[in-house]
Amino acid sequence: MPTPTAHTVSLSRYLIEEQRAGRIDAELRQLIAVVARACTSISIAVSKGALGGVLGDAGTGNVQGEAQKKLDVLSNDILLEANAWGGHLAACASEEMEHSQPIPDAYPRGGFLLLFDPLDGSSNIDVNVSVGTIFSVLRSPEGVSRPGDEHFLQPGRRQVAAGYCIYGPSTMLVLTTGHGTHAFTLDREQGAFVLTQRDMRIPEDTREFAINVSNQRHWEPAMQAYVGDLLAGKEGPRGKDFNMRWIASMVADVHRILTRGGIFIYPWDHKDPGKPGKLRLMYEANPMGMLVEQAGGAASTGRESILDLQPDHLHQRVPVFLGSRNEVEAAVRYHLEAR
Ligand code: P6P
């Protein structure tokens with residue numbers, strides 16, 4: 001028998017071997033397989049572009065007060081429908097839905113809660129820039145037959161799995177179940193995800209940062225000082241030049257950082273003091289934080305670890321600093337010293 005190389009291990013085989021090793025159970029294996037199949041359907045819809053009649057606005061808004069793209073709504077529906085009947089989930093929550101949704105009474109409920117941003121970065125869709133699906137898996141509390149919003153409010157440290165699917169030049173699923181972060185590439189001819197990178201590792205140091213600098217005037221002093229020192233380059237206190245990237249699609253920026261290092265920042269700013277940052281804790285920061293930590297990186301609010309936060313509501317926002325561990329720690333020092 002040939003020894004399997006990374007490129008011959010399908011996602012299905014990887015999940016079966018993880019279950020056989022006792023690192024995941026059958027229900028979680030099924031959940032991840034269902035989400036991956038849903039992402040394949042979303043990838044097909046996204047890749048059709050204008051030919052699929054799914055570009056542009058849906059004419060509706062979501063709980064975030066954002067105009068929904070047709071693909072936001074379609075992606076959300078694909079994920080809900082795919083997960084409804086399998087018996088592995090108790091309830092779903094989505095950026096696109098004000099409240100969580102229990103699995104319909106017509107179907108059996110399982111032991112997990114699934115949260116997702118069905119199509120993150122969707123404002124990039126109409127300009128053909130990479131977008132993605134982000135998902136997070138929690139356990140449904142024991143003895144709760146019909147979970148509500150309050151049952152999702154668990155710290156990110158309690159996630160049993162997290163991942164994203166990036167719809168870029170290739171479609172890739174990046175996944176962790178708490179045993180490293182691994183990347184799978186969609187083989188469209190097979191219609192299956194194939195393991196292409198086992199154990200992704202983020203370099204501890206970096207010369208590359210990702211932030212929307214147009215918000216600079218709204219940042220708190222510690223952020224002004226930290227980014228000012230990055231921009232000062234080797235003549236400044238950091239003693240080295242930095243490069244900047246900002247795709248304005250979290251999945252794409254985080255994928256680059258998982259692949260070659262960097263720091264991604266969406267800080268608190270006083271543009272809208274009621275919002276402690278733009279990104280959402282439950283289905284953006286927490287799953288990305290788990291993926292990054294499992295790859296040797298760090299994820300912080302600028303003052304504390306994202307995964308330790310106790311959520312107080314489903315769509316809560318949080319400042320995000322994540323990526324190369326030593327760079328995140330440097331950014332945190334600026335904030336803790338400023339107090
Ligand atoms: P800005 C996309 O709308 C998103 O939620 C993330 O994917 C992305 O990192 C961020 O917002 C971009 O925000 O303010 O630069 O448009």
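Numbering of residues begins at 1 and proceeds along the displayed sequence. Order of appearance sets the numbers: ligands from 1, and atoms from 1 within every ligand.
Here is the list of ligand 1 atoms found below 4.0 Å of a heavy atom in N212: 1 (P), 14 (O), 15 (O). Each of the following atoms of ligand 1 lies closer than 4.0 Å to a heavy atom of M250: 6 (C), 7 (O), 8 (C), 9 (O). The atoms of ligand 1 that sit less than 4.0 Å from any heavy atom of L279 are 5 (O), 6 (C). Listed by number with element, the atoms of ligand 1 under 4.0 Å from a non-hydrogen atom of D120 are 5 (O), 6 (C), 7 (O). Every atom of ligand 1 with a heavy atom of F264 under 4.0 Å away is listed here by number and element: 9 (O).
With respect to R13 and E18, no salt bridge is recorded, no charged nitrogen being found less than 4.0 Å from a carboxylate O.
With a 4.0 Å cut-off on non-hydrogen atoms, N215 does not touch ligand 1 at all.
Taking the six-membered ring where the residue is Trp, the centroids of F135 and Y283 are separated by 6.0 Å or more.
Checking each of S47, S43, S170 against R188 for a side chain to side chain donor-acceptor pair (under 3.5 Å) leaves exactly one that passes, namely S43.
With respect to atom 11 (O) of ligand 1, the closest heavy atom belonging to the protein is K278 NZ, 3.1 Å. Regarding atom 14 (O) of ligand 1, its nearest protein heavy-atom neighbour is Y266 OH, 2.6 Å.
Distances from ligand 1 to the non-hydrogen atoms of D253 include no value under 4.0 Å.
Donor-acceptor pairing under 3.5 Å is recorded for the side chains of D229 and Y334.
Hydrophobic clustering (ILVMFWY, side-chain heavy atoms < 4.5 Å, transitive): M282 and W268 are in distinct clusters.
The N/O atoms of W246, backbone and side chain alike, include one that comes under 3.5 Å of an N/O atom in ligand 1.
Checked by atom type and distance alone, the side chain of S100 never pairs as donor or acceptor with a backbone atom of C92 at under 3.5 Å.
Under the 30°/60° scheme for interplanar angles, the aromatic rings of Y14 and H182 are found to be tilted.
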